[in-house]
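Since the structure comes first, as C-alpha coordinates, the remarks are kept for the end.
Given the structure is predicted, the values throughout are model-derived calculations rather than measurements. The figures that follow rest on heavy atoms only: side chains count, while hydrogens, waters and symmetry mates do not. Reminder, nothing fancy here: chain letters follow the sequence lines and each chain counts from 1.
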Amino acid sequence: MSIGQTFLGLLEAGPRHGYDLKRAYDDRFGHSRPLPYGQVYATLSRLLKDGMVELDGIEPGGGPERKRYAVTAAGVTDVERWLATAEKPEPYLQNTLYTKVVLALLTGRPAADLLDVQRAEHLRLVRELTRRKLTGDLAEQLICDHALFHLEADLRWLELTAARLDELARRMRS
Amino acid sequence: MTGPPLLVGEDLRKSFGPTPALDGASLDVVGGEVVAIMGPSGSGKSTLLHCLAGIVRPDSGRVLYEGHDMSAMSDSARSALRRTRFGFVFQFGRLVPELTCLENVALPLRMERVRRGEAERRAAEWLDRLEVAGLAGKRPGEISGGQGQRVAVARALVTGPRVVFADEPTGALDSLNGERVMRLLTLTARETGAAVVLVTHEARVAGYSDREVVVRDGRTRDLQRSR
Ligand SMILES: Nc1ncnc2c1ncn2[C@@H]1O[C@H](COP(=O)(O)OP(=O)(O)OP(=O)(O)O)[C@@H](O)[C@H]1O
Ligand SMILES: [Mg+2]
(Lines give C-alpha, C1' and ligand atoms only; values in the text may rest on other atoms or scores of the structure.)
(Ligands and ions follow the chains in the order given, each with its own letter.)
Protein backbone atom coordinates (compact mmCIF):
# COMPACT_ATOMS: atom_id res chain seq x y z
CA MET A 1 0.00 0.00 0.00
CA SER A 2 1.59 3.28 -1.07
CA ILE A 3 0.48 6.11 1.20
CA GLY A 4 1.96 8.79 -1.05
CA GLN A 5 -0.03 7.83 -4.11
CA THR A 6 -3.12 7.28 -2.01
CA PHE A 7 -2.79 10.85 -0.69
CA LEU A 8 -2.39 12.17 -4.22
CA GLY A 9 -5.51 10.31 -5.27
CA LEU A 10 -7.48 11.73 -2.34
CA LEU A 11 -6.28 15.23 -3.24
CA GLU A 12 -7.62 14.91 -6.75
CA ALA A 13 -11.05 15.74 -5.33
CA GLY A 14 -9.69 19.13 -4.15
CA PRO A 15 -7.11 20.66 -1.80
CA ARG A 16 -7.15 19.53 1.84
CA HIS A 17 -5.43 20.21 5.11
CA GLY A 18 -3.03 17.57 6.39
CA TYR A 19 -5.42 16.69 9.16
CA ASP A 20 -8.36 16.21 6.78
CA LEU A 21 -6.23 14.07 4.54
CA LYS A 22 -5.30 11.81 7.42
CA ARG A 23 -8.96 11.53 8.40
CA ALA A 24 -9.98 10.66 4.85
CA TYR A 25 -7.20 8.08 4.63
CA ASP A 26 -8.06 6.48 7.96
CA ASP A 27 -11.75 6.33 7.08
CA ARG A 28 -11.20 4.56 3.81
CA PHE A 29 -7.96 2.65 4.16
CA GLY A 30 -7.00 2.68 7.84
CA HIS A 31 -8.81 -0.57 8.75
CA SER A 32 -8.49 0.17 12.47
CA ARG A 33 -4.80 1.05 12.00
CA PRO A 34 -4.84 4.85 11.75
CA LEU A 35 -1.84 6.61 10.23
CA PRO A 36 0.48 8.25 12.74
CA TYR A 37 0.71 12.03 12.32
CA GLY A 38 4.47 11.78 11.89
CA GLN A 39 4.00 9.59 8.85
CA VAL A 40 1.34 11.90 7.42
CA TYR A 41 3.59 14.95 7.54
CA ALA A 42 6.71 13.07 6.44
CA THR A 43 4.80 11.80 3.41
CA LEU A 44 3.42 15.25 2.61
CA SER A 45 6.81 16.96 2.84
CA ARG A 46 8.31 14.32 0.53
CA LEU A 47 5.47 14.85 -1.96
CA LEU A 48 6.03 18.60 -1.69
CA LYS A 49 9.76 18.26 -2.30
CA ASP A 50 9.10 15.98 -5.32
CA GLY A 51 6.64 18.48 -6.79
CA MET A 52 3.69 16.10 -6.51
CA VAL A 53 1.77 18.51 -4.29
CA GLU A 54 1.92 22.26 -3.72
CA LEU A 55 0.73 24.55 -0.94
CA ASP A 56 -2.65 26.03 -1.51
CA GLY A 57 -2.43 28.99 0.84
CA ILE A 58 -1.52 29.04 4.52
CA GLU A 59 -4.03 30.25 7.05
CA PRO A 60 -2.65 32.90 9.43
CA GLY A 61 -1.14 31.69 12.70
CA GLY A 62 -1.27 28.02 11.66
CA GLY A 63 1.26 25.26 12.33
CA PRO A 64 1.95 22.49 9.81
CA GLU A 65 -1.56 21.11 10.18
CA ARG A 66 -2.97 24.42 8.92
CA LYS A 67 -1.30 24.04 5.54
CA ARG A 68 -3.54 23.17 2.64
CA TYR A 69 -2.16 20.83 -0.01
CA ALA A 70 -3.16 20.58 -3.66
CA VAL A 71 -2.11 17.88 -6.11
CA THR A 72 0.01 19.02 -9.09
CA ALA A 73 -0.15 17.77 -12.70
CA ALA A 74 2.94 15.66 -11.98
CA GLY A 75 1.12 14.24 -8.94
CA VAL A 76 -1.88 13.24 -11.03
CA THR A 77 0.38 11.52 -13.56
CA ASP A 78 2.04 9.65 -10.70
CA VAL A 79 -1.29 8.33 -9.38
CA GLU A 80 -2.30 7.30 -12.85
CA ARG A 81 0.91 5.37 -13.38
CA TRP A 82 0.61 3.71 -9.99
CA LEU A 83 -2.95 2.60 -10.66
CA ALA A 84 -2.03 1.26 -14.09
CA THR A 85 0.96 -0.77 -12.85
CA ALA A 86 0.50 -4.29 -11.47
CA GLU A 87 1.75 -4.90 -7.94
CA LYS A 88 4.59 -7.34 -7.50
CA PRO A 89 3.15 -10.63 -6.17
CA GLU A 90 4.57 -10.84 -2.68
CA PRO A 91 5.50 -14.12 -1.10
CA TYR A 92 3.58 -14.41 2.12
CA LEU A 93 4.05 -17.53 4.16
CA GLN A 94 5.82 -19.70 1.64
CA ASN A 95 9.28 -19.00 2.97
CA THR A 96 8.41 -19.86 6.53
CA LEU A 97 6.37 -22.90 5.57
CA TYR A 98 8.96 -24.20 3.15
CA THR A 99 11.62 -23.85 5.84
CA LYS A 100 9.44 -25.74 8.31
CA VAL A 101 8.73 -28.55 5.86
CA VAL A 102 12.38 -28.97 4.99
CA LEU A 103 13.36 -28.84 8.63
CA ALA A 104 10.73 -31.46 9.50
CA LEU A 105 12.03 -33.76 6.76
CA LEU A 106 15.62 -33.17 7.87
CA THR A 107 14.86 -33.98 11.48
CA GLY A 108 12.62 -36.95 10.68
CA ARG A 109 9.41 -35.33 11.93
CA PRO A 110 6.08 -35.89 10.17
CA ALA A 111 6.04 -33.13 7.54
CA ALA A 112 2.62 -34.24 6.29
CA ASP A 113 1.14 -33.49 9.71
CA LEU A 114 2.69 -30.06 9.75
CA LEU A 115 1.05 -29.36 6.41
CA ASP A 116 -2.29 -30.72 7.58
CA VAL A 117 -2.20 -28.57 10.71
CA GLN A 118 -1.40 -25.54 8.62
CA ARG A 119 -4.12 -26.49 6.20
CA ALA A 120 -6.70 -26.73 8.99
CA GLU A 121 -5.65 -23.31 10.27
CA HIS A 122 -5.94 -21.83 6.80
CA LEU A 123 -9.37 -23.37 6.35
CA ARG A 124 -10.49 -22.07 9.72
CA LEU A 125 -9.72 -18.58 8.52
CA VAL A 126 -11.38 -19.29 5.16
CA ARG A 127 -14.54 -20.20 7.05
CA GLU A 128 -14.36 -17.14 9.25
CA LEU A 129 -13.94 -14.83 6.28
CA THR A 130 -16.77 -16.58 4.44
CA ARG A 131 -19.06 -15.96 7.41
CA ARG A 132 -18.00 -12.32 7.54
CA LYS A 133 -18.65 -12.02 3.85
CA LEU A 134 -22.19 -13.34 4.20
CA THR A 135 -23.12 -10.63 6.67
CA GLY A 136 -20.96 -7.77 5.39
CA ASP A 137 -21.65 -4.99 2.92
CA LEU A 138 -20.13 -4.96 -0.56
CA ALA A 139 -16.88 -3.30 0.57
CA GLU A 140 -16.44 -5.93 3.28
CA GLN A 141 -17.22 -8.67 0.80
CA LEU A 142 -14.58 -7.49 -1.64
CA ILE A 143 -11.94 -7.20 1.06
CA CYS A 144 -12.76 -10.68 2.37
CA ASP A 145 -12.67 -12.09 -1.16
CA HIS A 146 -9.19 -10.75 -1.68
CA ALA A 147 -7.98 -12.48 1.46
CA LEU A 148 -9.88 -15.64 0.49
CA PHE A 149 -8.24 -15.91 -2.91
CA HIS A 150 -4.83 -15.57 -1.28
CA LEU A 151 -5.63 -18.19 1.31
CA GLU A 152 -6.83 -20.45 -1.47
CA ALA A 153 -3.52 -20.03 -3.25
CA ASP A 154 -1.65 -20.90 -0.05
CA LEU A 155 -3.88 -23.94 0.40
CA ARG A 156 -3.15 -25.15 -3.10
CA TRP A 157 0.53 -24.81 -2.37
CA LEU A 158 0.09 -26.81 0.85
CA GLU A 159 -1.75 -29.53 -1.07
CA LEU A 160 0.84 -29.65 -3.82
CA THR A 161 3.67 -29.75 -1.33
CA ALA A 162 1.93 -32.56 0.57
CA ALA A 163 1.70 -34.52 -2.69
CA ARG A 164 5.42 -33.98 -3.30
CA LEU A 165 6.81 -34.71 0.14
CA ASP A 166 8.23 -38.10 -0.84
CA GLU A 167 9.94 -36.58 -3.85
CA LEU A 168 11.29 -33.73 -1.75
CA ALA A 169 12.59 -36.12 0.89
CA ARG A 170 14.29 -38.22 -1.81
CA ARG A 171 15.99 -35.19 -3.32
CA MET A 172 17.20 -34.05 0.06
CA ARG A 173 18.77 -37.43 0.75
CA SER A 174 20.57 -37.66 -2.59
CA MET B 1 -22.84 -29.11 16.83
CA THR B 2 -24.21 -31.80 19.13
CA GLY B 3 -26.89 -34.49 19.17
CA PRO B 4 -26.80 -38.05 17.86
CA PRO B 5 -25.33 -38.40 14.39
CA LEU B 6 -27.80 -38.58 11.55
CA LEU B 7 -25.48 -40.45 9.26
CA VAL B 8 -22.46 -42.54 10.20
CA GLY B 9 -19.89 -44.19 7.98
CA GLU B 10 -17.72 -46.67 9.88
CA ASP B 11 -14.39 -47.95 8.58
CA LEU B 12 -15.59 -48.10 4.98
CA ARG B 13 -13.58 -50.09 2.45
CA LYS B 14 -14.25 -50.43 -1.24
CA SER B 15 -12.14 -51.68 -4.13
CA PHE B 16 -12.97 -51.50 -7.81
CA GLY B 17 -9.82 -53.33 -8.79
CA PRO B 18 -6.52 -54.22 -7.17
CA THR B 19 -6.07 -50.84 -5.44
CA PRO B 20 -8.62 -49.80 -2.84
CA ALA B 21 -10.66 -46.66 -3.51
CA LEU B 22 -11.63 -46.56 0.16
CA ASP B 23 -9.30 -48.03 2.72
CA GLY B 24 -10.86 -47.37 6.10
CA ALA B 25 -12.85 -44.17 5.83
CA SER B 26 -15.10 -43.00 8.66
CA LEU B 27 -17.34 -40.01 8.90
CA ASP B 28 -20.34 -38.93 10.86
CA VAL B 29 -22.77 -36.17 10.15
CA VAL B 30 -25.06 -34.43 12.59
CA GLY B 31 -28.39 -32.93 11.50
CA GLY B 32 -28.03 -29.39 10.20
CA GLU B 33 -24.28 -29.37 9.72
CA VAL B 34 -22.35 -28.83 6.52
CA VAL B 35 -19.35 -31.15 6.17
CA ALA B 36 -16.83 -30.68 3.41
CA ILE B 37 -15.00 -33.75 2.11
CA MET B 38 -11.70 -32.64 0.64
CA GLY B 39 -8.54 -34.25 -0.66
CA PRO B 40 -6.52 -34.87 -3.80
CA SER B 41 -8.02 -36.18 -7.01
CA GLY B 42 -8.54 -39.93 -6.91
CA SER B 43 -8.30 -40.09 -3.12
CA GLY B 44 -11.79 -41.58 -2.80
CA LYS B 45 -14.03 -38.59 -2.06
CA SER B 46 -16.78 -39.48 -4.53
CA THR B 47 -16.63 -43.13 -3.56
CA LEU B 48 -17.08 -42.14 0.09
CA LEU B 49 -20.05 -39.93 -0.79
CA HIS B 50 -21.61 -42.72 -2.87
CA CYS B 51 -21.21 -45.19 0.00
CA LEU B 52 -22.76 -42.77 2.49
CA ALA B 53 -25.64 -42.13 0.12
CA GLY B 54 -26.31 -45.83 -0.42
CA ILE B 55 -25.45 -45.62 -4.13
CA VAL B 56 -22.37 -47.82 -3.78
CA ARG B 57 -22.26 -50.76 -1.39
CA PRO B 58 -18.98 -50.89 0.57
CA ASP B 59 -16.99 -54.15 0.65
CA SER B 60 -16.77 -53.79 4.41
CA GLY B 61 -17.71 -51.30 7.08
CA ARG B 62 -21.17 -49.93 7.83
CA VAL B 63 -23.30 -46.95 6.97
CA LEU B 64 -25.95 -46.07 9.52
CA TYR B 65 -28.78 -43.68 8.78
CA GLU B 66 -30.54 -42.68 12.00
CA GLY B 67 -28.99 -45.77 13.53
CA HIS B 68 -30.22 -48.15 10.80
CA ASP B 69 -27.63 -50.18 8.92
CA MET B 70 -28.18 -49.39 5.27
CA SER B 71 -26.57 -52.58 4.01
CA ALA B 72 -29.08 -54.58 6.00
CA MET B 73 -31.96 -52.90 4.17
CA SER B 74 -33.61 -54.35 1.09
CA ASP B 75 -32.82 -52.64 -2.20
CA SER B 76 -36.28 -51.12 -2.33
CA ALA B 77 -36.08 -49.84 1.24
CA ARG B 78 -32.71 -48.31 0.47
CA SER B 79 -33.90 -46.60 -2.68
CA ALA B 80 -36.99 -45.33 -0.86
CA LEU B 81 -34.65 -43.84 1.75
CA ARG B 82 -32.62 -42.20 -1.00
CA ARG B 83 -35.73 -40.72 -2.60
CA THR B 84 -37.35 -39.42 0.57
CA ARG B 85 -34.49 -38.52 2.91
CA PHE B 86 -31.62 -37.67 0.59
CA GLY B 87 -31.12 -34.99 -2.02
CA PHE B 88 -28.38 -34.93 -4.64
CA VAL B 89 -26.50 -32.23 -6.50
CA PHE B 90 -23.75 -33.18 -8.95
CA GLN B 91 -21.10 -31.25 -10.82
CA PHE B 92 -23.18 -30.89 -13.95
CA GLY B 93 -26.81 -30.42 -12.87
CA ARG B 94 -27.91 -33.69 -14.52
CA LEU B 95 -31.31 -32.23 -15.21
CA VAL B 96 -33.60 -34.14 -17.55
CA PRO B 97 -33.18 -32.31 -20.87
CA GLU B 98 -36.71 -33.02 -22.17
CA LEU B 99 -38.42 -31.52 -19.12
CA THR B 100 -38.79 -27.85 -18.19
CA CYS B 101 -37.01 -26.57 -15.10
CA LEU B 102 -40.28 -26.61 -13.21
CA GLU B 103 -40.93 -30.24 -14.22
CA ASN B 104 -37.37 -31.17 -13.30
CA VAL B 105 -37.78 -29.79 -9.80
CA ALA B 106 -41.21 -31.39 -9.45
CA LEU B 107 -39.89 -34.78 -10.59
CA PRO B 108 -38.76 -36.13 -7.18
CA LEU B 109 -42.20 -35.28 -5.82
CA ARG B 110 -43.95 -36.91 -8.75
CA MET B 111 -41.91 -40.06 -8.07
CA GLU B 112 -43.38 -39.96 -4.58
CA ARG B 113 -46.82 -39.82 -6.22
CA VAL B 114 -47.54 -36.24 -5.26
CA ARG B 115 -50.29 -34.85 -7.56
CA ARG B 116 -48.98 -32.80 -10.47
CA GLY B 117 -50.58 -29.52 -9.37
CA GLU B 118 -49.26 -29.82 -5.84
CA ALA B 119 -45.80 -30.96 -7.02
CA GLU B 120 -45.50 -28.05 -9.43
CA ARG B 121 -46.67 -25.56 -6.85
CA ARG B 122 -43.97 -26.72 -4.43
CA ALA B 123 -41.41 -26.84 -7.23
CA ALA B 124 -42.25 -23.24 -8.14
CA GLU B 125 -41.70 -22.20 -4.52
CA TRP B 126 -38.24 -23.75 -4.55
CA LEU B 127 -37.31 -22.17 -7.85
CA ASP B 128 -38.27 -18.87 -6.29
CA ARG B 129 -36.15 -19.49 -3.18
CA LEU B 130 -33.18 -20.30 -5.38
CA GLU B 131 -33.76 -17.05 -7.29
CA VAL B 132 -34.53 -18.75 -10.61
CA ALA B 133 -38.33 -18.48 -10.69
CA GLY B 134 -38.09 -16.91 -14.14
CA LEU B 135 -36.68 -20.13 -15.61
CA ALA B 136 -39.66 -22.35 -14.76
CA GLY B 137 -40.76 -22.85 -18.37
CA LYS B 138 -37.28 -23.19 -19.87
CA ARG B 139 -35.53 -26.45 -20.68
CA PRO B 140 -32.03 -27.21 -19.30
CA GLY B 141 -30.51 -26.64 -22.75
CA GLU B 142 -31.71 -23.05 -22.70
CA ILE B 143 -30.15 -21.93 -19.41
CA SER B 144 -26.60 -21.27 -18.17
CA GLY B 145 -24.54 -23.65 -16.04
CA GLY B 146 -24.94 -21.48 -12.94
CA GLN B 147 -28.69 -21.28 -13.42
CA GLY B 148 -28.80 -25.04 -14.00
CA GLN B 149 -27.00 -25.65 -10.70
CA ARG B 150 -29.52 -23.52 -8.85
CA VAL B 151 -32.34 -25.52 -10.45
CA ALA B 152 -30.49 -28.69 -9.39
CA VAL B 153 -30.28 -27.38 -5.81
CA ALA B 154 -34.03 -26.68 -5.88
CA ARG B 155 -34.61 -30.22 -7.10
CA ALA B 156 -32.40 -31.62 -4.32
CA LEU B 157 -34.28 -29.72 -1.64
CA VAL B 158 -37.87 -30.01 -2.88
CA THR B 159 -38.63 -33.23 -0.99
CA GLY B 160 -37.37 -31.76 2.31
CA PRO B 161 -34.42 -34.16 2.60
CA ARG B 162 -32.51 -34.68 5.84
CA VAL B 163 -29.19 -34.97 4.00
CA VAL B 164 -28.10 -33.27 0.80
CA PHE B 165 -25.15 -34.89 -1.00
CA ALA B 166 -23.29 -32.55 -3.28
CA ASP B 167 -20.32 -33.73 -5.38
CA GLU B 168 -18.38 -30.72 -6.71
CA PRO B 169 -21.60 -28.72 -7.10
CA THR B 170 -19.66 -25.67 -8.23
CA GLY B 171 -16.99 -27.50 -10.21
CA ALA B 172 -18.22 -26.22 -13.57
CA LEU B 173 -18.96 -22.65 -12.45
CA ASP B 174 -16.97 -19.41 -12.23
CA SER B 175 -16.35 -18.01 -8.74
CA LEU B 176 -19.31 -15.65 -8.62
CA ASN B 177 -21.81 -18.31 -9.69
CA GLY B 178 -20.12 -20.89 -7.52
CA GLU B 179 -20.48 -18.62 -4.50
CA ARG B 180 -24.10 -17.98 -5.28
CA VAL B 181 -24.89 -21.68 -5.50
CA MET B 182 -23.03 -22.36 -2.26
CA ARG B 183 -24.69 -19.50 -0.44
CA LEU B 184 -28.16 -20.62 -1.50
CA LEU B 185 -27.44 -24.30 -0.88
CA THR B 186 -26.09 -23.77 2.63
CA LEU B 187 -28.60 -21.10 3.65
CA THR B 188 -31.60 -23.11 2.54
CA ALA B 189 -30.19 -26.29 4.03
CA ARG B 190 -29.72 -24.46 7.36
CA GLU B 191 -33.26 -23.12 7.19
CA THR B 192 -34.69 -26.58 6.66
CA GLY B 193 -32.29 -28.25 9.13
CA ALA B 194 -30.85 -30.55 6.45
CA ALA B 195 -27.26 -31.73 6.71
CA VAL B 196 -25.01 -31.23 3.70
CA VAL B 197 -22.23 -33.58 2.69
CA LEU B 198 -20.18 -31.64 0.23
CA VAL B 199 -17.29 -32.92 -1.87
CA THR B 200 -15.03 -30.16 -3.09
CA HIS B 201 -11.39 -29.47 -3.77
CA GLU B 202 -11.92 -25.70 -3.62
CA ALA B 203 -11.08 -23.98 -0.35
CA ARG B 204 -13.48 -21.15 -1.05
CA VAL B 205 -16.33 -23.62 -1.46
CA ALA B 206 -15.29 -25.44 1.72
CA GLY B 207 -15.53 -22.04 3.43
CA TYR B 208 -19.29 -22.55 3.55
CA SER B 209 -18.93 -25.72 5.63
CA ASP B 210 -18.83 -26.14 9.39
CA ARG B 211 -15.88 -28.53 9.23
CA GLU B 212 -13.86 -30.49 6.75
CA VAL B 213 -12.77 -34.08 6.49
CA VAL B 214 -9.71 -34.79 4.39
CA VAL B 215 -9.46 -38.03 2.42
CA ARG B 216 -6.00 -39.30 1.50
CA ASP B 217 -5.44 -42.64 -0.20
CA GLY B 218 -8.92 -43.78 0.76
CA ARG B 219 -8.55 -42.86 4.42
CA THR B 220 -10.22 -40.02 6.27
CA ARG B 221 -8.58 -37.48 8.48
CA ASP B 222 -10.83 -35.30 10.51
CA LEU B 223 -8.74 -32.21 11.12
CA GLN B 224 -10.94 -30.54 13.70
CA ARG B 225 -11.62 -33.60 15.73
CA SER B 226 -8.12 -35.04 15.69
CA ARG B 227 -6.85 -32.08 17.68
N1 LIG C 1 -16.85 -47.11 -10.79
C2 LIG C 1 -15.52 -47.24 -10.69
N3 LIG C 1 -14.86 -48.21 -11.35
C4 LIG C 1 -13.53 -48.37 -11.26
N5 LIG C 1 -12.74 -47.58 -10.50
C6 LIG C 1 -13.31 -46.60 -9.83
C7 LIG C 1 -14.72 -46.34 -9.89
N8 LIG C 1 -15.01 -45.29 -9.10
C9 LIG C 1 -13.84 -44.88 -8.59
N10 LIG C 1 -12.81 -45.65 -9.01
C11 LIG C 1 -11.41 -45.50 -8.62
O12 LIG C 1 -11.34 -45.30 -7.20
C13 LIG C 1 -10.42 -44.31 -6.85
C14 LIG C 1 -11.13 -43.20 -6.09
O15 LIG C 1 -12.03 -42.56 -6.99
P16 LIG C 1 -13.00 -41.37 -6.57
O17 LIG C 1 -13.85 -41.08 -7.73
O18 LIG C 1 -13.68 -41.72 -5.30
O19 LIG C 1 -11.95 -40.21 -6.31
P20 LIG C 1 -12.21 -38.65 -6.02
O21 LIG C 1 -11.49 -38.35 -4.76
O22 LIG C 1 -13.65 -38.37 -6.08
O23 LIG C 1 -11.43 -37.97 -7.23
P24 LIG C 1 -11.78 -36.62 -8.06
O25 LIG C 1 -11.37 -35.49 -7.17
O26 LIG C 1 -10.89 -36.72 -9.24
O27 LIG C 1 -13.22 -36.64 -8.38
C28 LIG C 1 -9.78 -43.87 -8.15
O29 LIG C 1 -8.56 -44.53 -8.30
C30 LIG C 1 -10.76 -44.28 -9.20
O31 LIG C 1 -10.11 -44.54 -10.42
MG1 LIG D 1 -14.88 -37.23 -7.43
Intermediate values then yes/no, side-chain contact (heavy atoms from CB on, under 4.5 Å), Met182(B) and Thr130(A): CA-CA 11 Å; Met182(B) 281 316 296; Thr130(A) 305; over 6 Å; no

Heavy-atom check, side chain of Val214(B) versus side chain of Arg119(A), under 4.5 Å: yes

Minimal non-hydrogen separation, Val126(A) against Gly207(B), with atom names: CG1-CA, 3.6 Å

Within 6.0 Å of CG in Asp217(B), more than 12 heavy atoms from elsewhere: no

Contacting region of Glu202(B) [heavy-atom separation from chain A under 4.5 Å]: both

Non-hydrogen side-chain atoms of His201(B) and Glu159(A) separated by less than 4.5 Å: no

Heavy-atom neighbours of Arg121(B) CZ exceed 12 at 6.0 Å: yes

Phe165(B): partners by ring-ring contact (aromatic ring centres under 6.0 Å, His included), with sequence neighbours left out: Phe86(B), Phe88(B)

Arg156(A), CZ atom: more than 12 neighbouring heavy atoms under 6.0 Å: no

Atom group of Leu148(A) that falls short of 4.5 Å from chain B, counting heavy atoms: both

Heavy-atom proximity to chain A below 4.5 Å, by part of Ser175(B): side chain

Other residues, nucleotides, ligands: >12 heavy atoms within 6.0 Å of Arg83(B) CZ: yes

Test item: Arg204(B) and Asp145(A) side chains (from C-beta on) under 4.5 Å apart, heavy atoms: yes

